Number of protein chains: 2
Amino acid sequence: MAVTIRDVAKASGVHISTVSRTFSAPHLVNPETRTRVLATAEQLGYRPNRAARALITGRTHNIGLIVADIANPFFPPMIKAAETHARRRDYHVFVADTDEDPVVEADLVRALAKQVDGILLCSPRMSDDQIELARREVPLVVVNRLIDGLPAVVMDVGTGARSAVRHLVDLGHRHLVYLSGPRGSWTNREIRKAAGAAARAGGAELTVLGPHQPISSAGADAAEAVLATGATAVLAYNDLMAIGLLQALQDRGVAVPERISVVGFDDIAAGALVRPTLTTVANPTAAAGRAAVDMLLQQGDDGATGQVTLRTDLVIRNSTGPGPYAPAGATATQVAAYAKE
Amino acid sequence: MAVTIRDVAKASGVHISTVSRTFSAPHLVNPETRTRVLATAEQLGYRPNRAARALITGRTHNIGLIVADIANPFFPPMIKAAETHARRRDYHVFVADTDEDPVVEADLVRALAKQVDGILLCSPRMSDDQIELARREVPLVVVNRLIDGLPAVVMDVGTGARSAVRHLVDLGHRHLVYLSGPRGSWTNREIRKAAGAAARAGGAELTVLGPHQPISSAGADAAEAVLATGATAVLAYNDLMAIGLLQALQDRGVAVPERISVVGFDDIAAGALVRPTLTTVANPTAAAGRAAVDMLLQQGDDGATGQVTLRTDLVIRNSTGPGPYAPAGATATQVAAYAKE
DNA sequence: CTCCATTCGGCAAACGTTTGCAACAGATTA
DNA sequence: TAATCTGTTGCAAACGTTTGCCGAATGGAG
């Protein structure tokens with residue numbers, strides 16, 4: 001049915017091995033022969049059978065991309081970037097969703113292992129031990145988590161959290177809240193630590209609330225607790241929670257940012273759609289996806305297992321404003337501009 | 001390196017064909033032998049090599065899922081549902097993104113064709129002709145577009161548009177605007193037609209604006225034009241545009257829904273996060289993903305090429321309210337409740 | 001003219017499965 | 001008792017590639 005290497009060989013009067021080489025080692029075949037073969041191949045509509053190629057070379061030219069939840073707006077930009085980047089290198093991407101379940105995650109890795117040249121494990125929910133185990137079955141790159149000896153790409157959320165806190169302190173806030181994310185999250189721990197340190201350095205108090213599910217309703221549910229602390233500014237684990245909180249506060253008639261400032265994390269698209277628009281720490285998710293693909297593909301060449309840290313950036317919008325200890329006439333953007341000098 | 005069927009055969013004292021049958025045709029092997037083989041396979045950690053299997057059977061147990069833009073919030077729920085559904089049937093899913101480019105789309109189909117058992121083409125941007133052509137290379141299911149003779153799953157957006165318009169008319173609006181989506185979109189045409197008919201039936205005027213890119217900034221940019229029409233209610237091609245419009249109107253001090261009512265389409269998550277929350281027509285994207293997978297997998301058995309139409313539902317929230325011709329004291333939910341009887 | 005190096009292309013084995021065919025044993029039927 | 005059937009297993013070919021090895025042809029050097 002389908003046209004095979006044999007058809008091309010016959011049609012162009014050469015042996016199948018020559019056709020094979022035309023595609024996989026062009027420099028080994030005479031330019032004339034090559035163009036002839038290429039022409040007939042094109043004309044016949046020949047495409048190498050990847051399964052056969054995989055069988056003999058052991059390389060599938062596929063990679064797996066495992067995320068906790070495709071529908072979580074944090075991931076799609078990363079998936080998109082990774083897929084595009086991989087395709088440009090002639091790799092195809094299996095995308096799979098674990099529904100935040102570590103057991104599903106482990107199964108998935110096992111199921112995919114033999115079928116791909118490597119797996120991108122994004123914000124994994126498995127334990128470090130399980131991941132180390134999985135790594136023995138298939139090349140792995142971990143995104144959003146740091147594990148000793150494992151190639152990883154992470155966002156520098158610590159720095160992001162610090163600038164967020166500094167921004168709030170500069171605006172005159174002295175009592176902050178950190179709205180924690182899910183328990184197992186590496187990112188959550190990093191943010192909490194950095195925010196705590198930055199608050200201390202700025203002479204401010206930081207109250208930690210949580211843990212919470214990383215969804216908007218959790219942010220909304222936390223509104224009462226936030227108000228009860230008497231804090232004037234909040235840093236949330238992610239934008240979804242921040243937005244939920246934002247709306248819950250407004251529904252209660254609490255003015256944002258006049259009464260309370262809110263900072264999110266991730267810079268998902270919805271942040272610019274809500275009012276007030278959300279001040280947040282932008283994560284370079286697309287860049288992370290690309291970097292992870294690169295690391296995975298290079299891993300074959302040498303065993304080098306680097307760890308890449310990507311810069312995060314504070315994006316100042318309208319959900320943050322002057323606090324009780326603000327310098328006279330301060331606004332969020334003025335303060336930010338000042339801080340940059 | 002990896003454990004093959006041969007290792008299992010040797011370890012359990014049978015021929016490889018028996019091992020093969022244990023997995024692919026269990027009823028052909030003696031239950032005793034079967035359990036023995038299964039046990040050693042388990043112990044050795046054997047997993048059949050999919051490439052080898054694909055090579056001989058011609059079935060890869062992979063499917064392709066091609067969407068215009070992974071990052072468009074309309075798609076992730078569909079991708080997620082399709083992937084989960086497919087996995088349950090032991091299929092893996094390649095996800096690919098065309099960046100709204102018909103040329104990329106065509107390339108992608110060709111690249112994937114030989115590597116999958118079928119492709120889900122979601123909201124394709126190619127011409128009907130190209131799609132018919134592609135269908136000759138690989139089994140196809142089209143989502144969100146109706147093409148004669150091609151298996152498809154579509155949302156009943158016509159009915160959705162009608163109920164949206166009826167809802168607005170019932171609320172006392174007599175001059176509506178339809179904010180068109182992109183030119184090539186089948187969905188867009190359907191909505192426009194149905195909305196026009198419903199408006200006429202309700203004795204209301206419908207002004208069509210557009211075409212527009214299906215993104216929030218396009219909605220925002222259309223605010224002036226919308227106001228210029230003097231209409232009191234707007235139906236948008238999708239939620240993204242509706243939200244953009246919503247915010248642009250508010251930024252201009254135009255009250256929603258008091259002065260203008262806004263209805264979106266799709267029911268993406270962000271719709272419930274903005275204020276006022278968005279009245280919209282919910283598309284069953286997850287169900288569509290599952291249905292499409294089912295159709296694709298059944299296609300092999302018989303040649304039947306059905307077309308599935310999924311129900312859409314009007315979700316009434318807070319962006320719609322009484323218009324100038326409203327019955328006294330009407331509110332959106334009251335009117336809706338009344339309409340249901 | 002001979003020899004050697006280089007370039008090119010053919011040959012055939014190998015990758016890990018599935019599957020039609022045949023062999024065999026035991027059970028059933030005539 | 002012979003013939004037939006049924007259930008279970010082994011044998012070997014096939015799927016479409018890649019790749020190590022070898023021989024043929026070519027060209028330059030001596």
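Every chain is numbered from 1 and lettered A, B, ... according to where its sequence line falls, protein lines coming before strand lines. These numbers were taken from a predicted model, which means no experiment stands behind them.
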Using the side-chain heavy atoms of Val29(A), tell me which of these nucleotides is nearest: dT8(D), dT18(D), dG9(C).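 Of all the options, the side chain of Val29(A) is nearest to dG9(C).
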Please tell me which of the listed nucleotides, dG10(C), dG16(C), dT8(D), lies nearest to the side chain of Pro31(B)?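 Comparing dG10(C), dG16(C), dT8(D) against the side chain of Pro31(B), the answer is dT8(D).
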Just to be sure I understand the rule, does [X] reach a base, reach only the sugar-phosphate, or reach nothing, if contact means heavy atoms closer than 4.0 Å?
X        : result
Phe23(A) : nothing
Arg21(A) : base
Thr18(B) : sugar-phosphate

Once you round it to whole Å, what is the distance between [atom2] of [N] and [atom1] of [X]?
X        : N       : atom1 : atom2 : result
Ile5(B)  : dA14(D) : CD1   : P     : 19 Å
Ile16(B) : dG16(C) : CD1   : C1'   : 8 Å
Leu28(B) : dG20(C) : CG    : P     : 10 Å

Less than 4.0 angstrom between a side-chain N/O of His15(B) and OP1 or OP2 of dC11(D), yes or no?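 Yes, because at least one side-chain N or O of His15(B) sits under 4.0 Å from OP1 or OP2 of dC11(D).
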Short side-chain N/O contact from Thr4(A) to OP1 or OP2 of dC15(D), under 4.0 Å: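 False: Thr4(A) side-chain N/O out of range (4.0 Å or more) of dC15(D) OP1/OP2.
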Do Tyr91(B) and Phe94(A) have ring centres separated by under 6.0 Å?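 No; Phe94(A) has its ring centre 6.0 Å or more from that of Tyr91(B).
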Least distance between heavy atoms, Ala68(B) atom then Asp97(B) atom: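 Smallest heavy-atom distance, with atoms named: O-OD1, 3.4 Å.
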